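These notes concern the structure reproduced below.
Every heavy atom of this structure was used, including side-chain atoms; hydrogens, water molecules and symmetry mates were not. Source: prediction; values computed, not measured.
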Amino acid sequence: MSALTENAAPAPFTDEEFRDTLRELPPSAKLVAKVLEDDAPLSQGELAENSLLPDRTVRYALNRLEESDLVDSRYSFTDARKQVYFLTV
């Protein structure tokens, strides 16, 4: 086993809890979560491009997902000026 898998923190949600929490969010947040499920990590611009949602809607969806602890962010390894987003599951 690698050191990453040995020291990894347990997921904050089970799959069922994740889905139950996501069920309460608006459709835009569900779509952004689906895009992240397939292609994470992505920047806000990449999410807008892949989901075909406006930037403002993606920002709103990300805020709702972050408030629910379903998504997290970090700085991009390729461009430290950008943040990339990924699911917490």
Scan the side chains in residues 26-43 for donor-acceptor partners under 3.5 Å anywhere in the protein, sequence neighbours excluded, and list what turns up.
| from | atom 1 | to | atom 2 | distance (Å) |
| --- | --- | --- | --- | --- |
| Lys30 | NZ | Arg23 | O | 3.4 |
| Lys34 | NZ | Glu37 | OE1 | 2.9 |
| Ser43 | OG | Glu46 | N | 3.2 |
| Ser43 | OG | Glu46 | OE1 | 3.3 |

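- In terms of heavy-atom proximity, Tyr75 sits nearest to Ala80 at CD2-O, 3.3 Å.
- In the hydrophobic clustering of this structure, Leu25 groups with Leu47; members are Ile, Leu, Val, Met, Phe, Trp, Tyr whose side-chain heavy atoms approach within less than 4.5 Å, directly or through other members.
- Looking at heavy atoms from C-beta onward, Val84 lies out of side-chain contact with Phe77 at the 4.5 angstrom threshold.
- For the atom pair CD (Glu49) and CG (Asp55), the distance works out to 10.5 Å, reported to the nearest 0.5 Å.
- The side-chain contact (heavy atoms from CB on, under 4.5 Å) test with Ser68 singles out one residue from Asn63, Thr88, Thr21, and that residue is Thr21.
- Hydrophobic cluster membership is shared by Leu22 and Leu62, with clusters built from Ile, Leu, Val, Met, Phe, Trp and Tyr side chains linked at under 4.5 angstrom.
- Among residues two or more places apart in sequence or in another chain, the side chain to side chain contact (heavy atoms under 4.5 Å, CB included) test is passed with Glu16 by Thr14, Asp20.
- Smallest separation of non-hydrogen atoms from Val71 and Phe86: CG2-O, 2.9 Å.
- Note that CZ of Arg64 is 10.0 Å distant from CD of Glu24, once rounded to the nearest 0.5 Å.
- A distance of 10.5 Å separates CZ in Arg74 from CD in Gln83, rounded to the nearest 0.5 Å.
- Around the CZ atom of Arg56, the shell of radius 6.0 Å holds no more than 12 heavy atoms that belong to other residues, nucleotides or ligands.
- The OH atom of Tyr60 sits 10.0 Å away from atom CG of Leu65, with the distance rounded to the nearest 0.5 Å.
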